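Read through the structure below, which is laid out as structure tokens, and then see the notes.
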Amino acid sequence: MNPPIKNVPSVGSTGISKSKSDGLAAGKATTVRVNFDLDRDQHIKLKLFATRQGKTIKEVLSDYVAQLPAQGA
């Protein structure tokens with residue numbers, strides 16, 4: 001029998017590790033990883049867009065999320 005897997009967030013968990021959650025108490029910003037799949041053509045389209053803007057894909061998507069209206073707005 002395999003030993004239980006440790007440090008796996010449960011369903012509904014924030015997925016923030018202890019080291020990252022320590023920053024919450026100190027008032028520091030925390031980050032979470034966002035993963036999703038794109039088909040190859042979508043990825044190329046996004047990569048070309050980012051390159052033309054002089055940005056990375058991460059920067060393009062982070063900028064987009066930053067300009068979204070606040071929840072409840």
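None of these values were measured; they are calculated from a predicted model. FYI, the numbering just counts along the sequence from 1.
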Is there a path of hydrophobic side-chain contacts, each under 4.5 Å between heavy atoms, that joins Leu61 and Val32? no

Let me confirm one number: the NE2-CG distance from His43 to Asp41, rounded to the nearest 0.5 Å. 11.5 Å

If you group Ile, Leu, Val, Met, Phe, Trp and Tyr by side-chain heavy-atom gaps below 4.5 Å, do Ile44 and Ile57 land in one group? no

Applying a strict under-4.5 Å side-chain criterion to I, L, V, M, F, W and Y, I'd like to know whether Tyr64 and Val60 cluster together. no

Could you grab the distance from atom OG1 of Thr56 to atom CG of Leu46, nearest 0.5 Å is fine? 9.5 Å

Identify the heavy atoms of Lys55 and Glu59 that sit nearest to each other, and give their distance. CA-OE1, 3.1 Å

Among all residues two or more places apart in sequence or in another chain, which pass the side-chain hydrogen bond (donor to acceptor under 3.5 Å, both in side chains) test with Lys47? none

Which heavy-atom pair separates Asn35 from Arg33 by the least distance, and what is that distance? OD1-CG, 3.6 Å

